[in-house]
Amino acid sequence: MFEEFLGGGVAMIVFAVILRFFFGRGGASGFDSIADAHEDAGDADNAKKLRDTAESYRTRVDRYFYLLLIIGLLMILVSLIGRP
């Protein structure tokens, strides 16, 4: 039974790393690119809103990353403690 926790914990950590890699910085950079285009066009108000959205997006992805990382590490710890 505890072997499933070990595999699940490793899978959870791998998923957290993939989430952060693909959606963390890369996902928010799209908002930054659009904000740059708005600034070049002279629309600073919309550019600020987009930059705030990008920062919110980064913060949310970071929170999910750390949550999944902690859950994965706890699952691995449970599997190691429960092993005879």
Side-chain angles (χ1 to χ4, degrees):
M1 164 149 164
F2 290 108
E3 290 82 18
E4 288 89 5
F5 277 98
L6 181 63
V10 171
M12 192 78 66
I13 291 172
V14 168
F15 179 70
V17 169
I18 291 171
L19 173 80
R20 187 164 190 192
F21 180 77
F22 285 109
F23 296 106
R25 304 297 167 209
S29 68
F31 289 111
D32 288 330
S33 299
I34 297 170
D36 290 340
H38 278 279
E39 280 181 350
D40 292 342
D43 190 6
D45 188 42
N46 279 338
K48 182 179 178 344
K49 289 178 186 176
L50 285 167
R51 293 211 190 277
D52 291 343
T53 302
E55 188 59 36
S56 170
Y57 186 85
R58 282 187 195 104
T59 303
R60 193 174 316 127
V61 169
D62 285 344
R63 284 181 189 160
Y64 287 133
F65 169 75
Y66 289 119
L67 177 69
L68 291 172
L69 188 67
I70 289 169
I71 291 171
L73 290 173
L74 286 174
M75 289 176 73
I76 291 172
L77 184 66
V78 165
S79 72
L80 295 176
I81 290 174
R83 201 174 264 185

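None of the values given here were measured: they were computed from a predicted structure.
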Q.
Using the side chain to side chain donor-acceptor pair (under 3.5 Å) criterion, which residues pair with S56? Sequence neighbours excluded.
A. R60
Q | salt_bridge(D52, K48) N-O dist < 4.0 Å | A | yes
Q | Gap between atom CD1 of I70 and atom CZ of F65 - 0.5 Å precision | A | 10.0 Å
Q) Any side-chain heavy atom of I13 within less than 4.5 Å of one from L69? A) yes
**Q.** Approximate separation, where rounding is to 0.5 Å, of R58 CZ and T53 OG1
**A.** 11.0 Å
(Q) Measuring from atom CE of M12 to atom CG of L74, what distance do you get when rounded to the nearest 0.5 angstrom? (A) 10.5 Å
Q: Side-chain contact test, heavy atoms from C-beta onward, threshold under 4.5 Å: evaluate it for R51 versus D36 and give yes or no.
A: yes
Q. How far does CG of L6 sit from CG of L77, to the nearest 0.5 angstrom?
A. 11.0 Å
**Q.** Taking every non-hydrogen atom, the tightest pair across A35 and A47
**A.** O-CB, 3.5 Å
(Q) Using 0.5 Å steps for rounding, measure from the CG atom of L19 to the CG atom of L67. (A) 10.5 Å
Q) What pairs with D45 under salt bridge (Lys or Arg N to Asp or Glu O under 4.0 Å), at least two apart in sequence or on another chain? A) K49
